[in-house]
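Contents: one structure, followed by commentary.
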Amino acid sequence: MSYMNWVIALTIFFITYIVLFTEKIDRTIITLAGALTILLSGVALGFYTQPEAFEAVDFDTITLVLGMMIMVGTIQRTGLIEYLSIIIAQKSKGRVWLLLLGLGAFTALSSAVLDNVTTMVIVVPTTLSITDLLGLSPIPFLVSESMLSIVGGLSTLIGDPPNIIIGSAADLSFTQFLTHLGPIAVIIWLVSVLYFWFKFNKNMPSTVKQKQALKEIDPGRTVEDWNDVKKASGVLVAVIGLYLIHGMIGLQPQTVAFIGATLALLLIRPDVQETLANVEWSVLLFYASLFVLVGGLEQAGIIHQIAREFGIIAENFPLLAPIVLIWLAGVLSGIIDNVPLTIALIPVIQGLGSIHGIHLSSYWWALALGAGLGGISSPIGSSANVITVSLSERTENPITFTKWVKVGLPLTVLNLTLASILLFFGMQIGYM
Amino acid sequence: MNSELLISALIFVGTYLAILTNKVERSLAAVTGAAFMVGAGLVFGFYNEREVITEAIDWNTIALLFGMMIVVGILKDTGLFETLAVWAAKLSRGDYFYMMLLFGILAALMSTTIDNVTTILLVAPISMSISSVLGIDPKPILLTQGLFANIGGVATLIGDPPNIMISTAGGFSYLDYIYNLAPTVIICTSVTAIVFRLIFSEKTRRENKEMNREALDNILESRPSKEISDWSLLGKSLATLVFIIVLFTLQSVLSITPATVALAGAALILMLSQPDMSEILERVEWRTLLFFAGLFVVVHGVGNTALLTKAAQGVLRLTRGNLLLSALSILFLSAIGSGLVDNIPLTAVMLPIIGTLSANLPGESNILWWALAFGTGFGGNATYIGSPANEMIVSLSEDHHEPITMKYWLKYSTVITLITTLIAGAVIAIQIVSPLNLPFLPN
């Protein structure tokens, strides 16, 4: 009786996602429990088997994330990123606007290559110490950096988790992401910076008195060994180079990530045991469990049904459908984490292709844009925001939910509109 | 011999030597070997990146270990292991050899119903805790548990993964296993116990003398339940254990794999106790998981299946037509093989060969299947690489200042493996040679 399967699978799925939304239970634990419940009931009722659950896990994504974690973790400890961020801050010579712009640009660039959380973990403390020194309110800096890290992450395959997952599902290369989403990210970045200028202009001085103090910060204060910094930059350059050509030479992205991880481990020689202990295994377990959970929905036939219904709409309104997807993903990813969202939407999009024969590329870009940009709107919308807010709570002037939403929500609407227009034109000229 | 085969064999041997000599950390040796194997495979075209994940690594084993490590990691907080340790000390009245035997028999009994690795993960912490309290050497106790768990697992359909595979291929029931295998397993366990009594008599005397008598007297007087530190967590953990054991028992009926059982158990205990996830994951022995993943990648690279198939077919062609010779060669071949590689791929290779052989031999004998069950089960004891349970023992012993080395392991395991395999061989030979169909012997 297939309706019975549907009801059970949907109930497990929604309970899991609702608990994810309420954050009452650790997200890895609830997702693992959801995955195992759907698997066991699937085995009992015959709609889901263990080999199918195993196949549902996208190991390309998991291994890519693992490889990047090892590499980034090693590079992070050399102090390279912090060094660069302080150099950038000093270049502003105490002009507040240049400081905001410089740090914003640096965050965006850094999070295009590293993950957003790592970027924010490094940039926020640096920013706090600089604003403290200069007697400025840290809030405009932190909020803009976190939001710009999301915009920066949007531009590459490895910049944020939804992109990694989409890239693996749709078999898109690093260069394809860079050439399609890169230009859009740059435009959105420029508009966001203008937006911040209007928003924060009134409350900030144009220049500060403590120029000398800024100049005297030692950018290498966290660096233990300059050789390691050089090696770390070398590894980063090599990995970016490999990513740019990986599609041409036939290497998979996760292989590039592991080459980077191996190079970093071999050259910088950190303690392997410690490096592995610092890998966020619970994130990997969370992803794997999500894949198994959504795989259960797929095997129960639900995703197929949804894709069939949506496909009819999508066929009738081929230009409108991707735009709707941007907004759907955008609104939802402000409410729940964008990884579970992306993992649930991917099989629906794949269904559009396999059932209705729709050309999918514009849908993938729409999903990446919506899932990424939607996270800006609230402090819980993306992991980068969560980190930023929790780090700001140690200061006298913590960022509150309302303060965030006042800046974030209008910007998200602006960004999603912009993304929709750009995607629309991209589709018109046949590029997206 | 072509170059790919030569290179992959060299890497295989090199990795095993590195593990055996204990010069480098085991997981590092396995992963380095794996990297070389995949690298060589990419150059010579016998390995591709995707195979590593999809075919080489046996995720069933990895996920089983991972799930049970989480369950045990939480169980450690309840004080249950300490309580059981006090119990064990009381039962053995503080005699070193009785302690060894007690834990060995417990492991053997448990492994007839639940997975061997799970058994070890539940029993070994108890013996570690009692050893540290009494100041005695945990190595012989741990060793006994590992060997007994593997021997005991042979007795039942669900005790061992190869047995499950054999039951599917040969169409045997739970009772078939008890009738055909359990009596021989009981003999093997008893003989092993006697041999250990002899080997460790000097050790027992020494350990009994050096034992911390004051701590022992304290233990003998104390109430075991005093050790429980968190009663509510204990209730939740026991509920999870019952859930796991029920699933393990129903495993073949429900057709769920041990990995699913362990992960479901982990999910249940995590939901019930809601611990800090990152702290729990830190307790997982990632090095052991890495070791297995690396080893699987290396073994897959030698084209182990192709090599094993050739070897098995060659030997069995020589013995064709003779039931006794066929049965004994299956027994020893699988015993040697499962000392070197994981016994699951080994069984997978042997099953079709035995299927054809059984069909071509006179009479309706199932004895070849039982020979395979004995061989894969007992052979895994020879090295700790051959069985995840034994590997777990070694990895747990690393918490002690004097961990179990390969040399130490081989010193005792080879004797026991040889004896148990020979007993199985004798039993099989007696049954085949005797004109009557003897009861309680494999047939």
Side-chain angles (χ1 to χ4, degrees), chain A residues 16 19 24-44 46 48-51 53-55 57-63 250-256 258-259 261-262 265-266 272-286 288-289 292-293, chain B residues 24-25 27-28 31-32 34-35 38-39 42 48-50 52-54 57-60 62-63 66-67 69-70 74 243 247 250-251 253-287 289-290 293:
Chain A
T16 312
V19 177
K24 284 262 185 283
I25 301 176
D26 180 283
R27 59 179 190 161
T28 310
I29 297 179
I30 183 62
T31 328
L32 181 66
L36 264 302
T37 318
I38 210 167
L39 175 59
L40 288 179
S41 31
V43 170
Y48 200 16
T49 66
Q50 293 153 98
F54 177 70
E55 270 169 37
V57 178
D58 183 356
F59 281 102
D60 292 353
T61 295
I62 307 261
T63 42
L251 276 183
Q252 284 164 1
Q254 65 269 30
T255 312
V256 177
F258 267 92
I259 292 175
T262 316
L265 288 178
L266 275 178
V272 175
Q273 179 80 14
E274 201 188 304
T275 310
L276 285 182
N278 282 333
V279 168
E280 289 170 81
W281 298 104
S282 95
V283 170
L284 300 179
L285 188 59
F286 174 57
S289 307
V292 172
L293 180 66
Chain B
V24 255
E25 222 271 323
S27 59
L28 194 63
V31 171
T32 315
V38 176
L42 285 173
N48 68 50
E49 297 148 281
R50 278 193 197 279
V52 174
I53 298 290
T54 53
I57 298 180
D58 178 15
W59 288 100
N60 220 333
I62 305 265
F66 173 71
M69 283 171 181
I70 289 184
I74 294 176
F243 175 74
L247 281 190
L250 297 178
Q251 199 184 314
V253 186
L254 297 175
S255 74
I256 44 179
T257 59
T260 310
V261 174
L263 288 177
L268 181 65
I269 201 168
L270 286 172
M271 279 299 282
L272 291 176
S273 63
Q274 306 261 335
D276 177 10
M277 201 55 197
S278 54
E279 194 191 315
I280 291 299
L281 287 173
E282 267 173 34
R283 295 187 197 172
V284 170
E285 305 251 355
W286 296 108
R287 273 187 312 171
L289 299 184
L290 208 60

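Please read all numbers here as calculations on a predicted model, not as lab measurements. These values consider heavy atoms only, across backbone and side chains, with no hydrogens, waters or symmetry-generated copies. To find a chain, count down the sequence lines: A is the first, B the second, and so on, and within it residues start at 1.
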When only pairs under 4.5 Å are counted, which of A:L32, A:V43, A:I29 shares the most heavy-atom pairs with chain B?
-> A:I29
Between CG on residue A:D26 and CG on residue B:D276, distance to nearest 0.5 Å | 7.5 Å
Is the closest side-chain heavy-atom distance between B:L270 and A:T28 below 4.5 Å?
-> no
Of B:I256, B:L281, B:L263, the largest count of non-hydrogen pairs under 4.5 angstrom with chain A goes to B:I256
Measuring heavy-atom distances to chain B, does A:L276 have an atom under 4.5 Å in its side chain, in its backbone, in both, or in neither?
-> side chain
Sort B:L290 into side chain, backbone, both or neither according to what part of it lies under 4.5 angstrom from a heavy atom of chain A.
-> side chain
Looking at CZ of A:F54 and OG1 of B:T260, how far apart are the two atoms once the value is rounded to the nearest 0.5 Å?
-> 11.5 Å
What do the steps show when you test A:I30 against B:M271 for side-chain contact (heavy atoms from CB on, under 4.5 Å), and what is the final call?
-> CA-CA 7 Å; A:I30 183 62; B:M271 279 299 282; 4.0 Å; yes
How far apart are the closest heavy atoms of A:K24 and B:Q274, and which atoms are they?
-> O-OE1, 4.3 Å
Could you look at A:T262 and say if it's the side chain, the backbone, both or neither that has a heavy atom under 4.5 Å from chain B?
-> neither
When heavy-atom pairs shorter than 4.5 Å are enumerated against chain A, which of B:A63, B:A264, B:A266, B:P275 gives the highest number?
-> B:A264
Say you draw a straight line from OG of A:S282 to CD of B:E279; how long is it, rounded to the nearest 0.5 Å?
-> 12.5 Å
Taking all non-hydrogen atoms of both residues into account, name the closest pair between A:A33 and B:A267 and its distance.
-> CA-CB, 3.8 Å
Begin from the C-alpha positions of A:W281 and B:F66 and carry the test side-chain contact (heavy atoms from CB on, under 4.5 Å) through to its verdict.
-> CA-CA 12 Å; A:W281 298 104; B:F66 173 71; over 6 Å; no
Contact part of A:Q50 toward chain B, heavy-atom cut-off under 4.5 Å: side chain, backbone, both or neither?
-> side chain
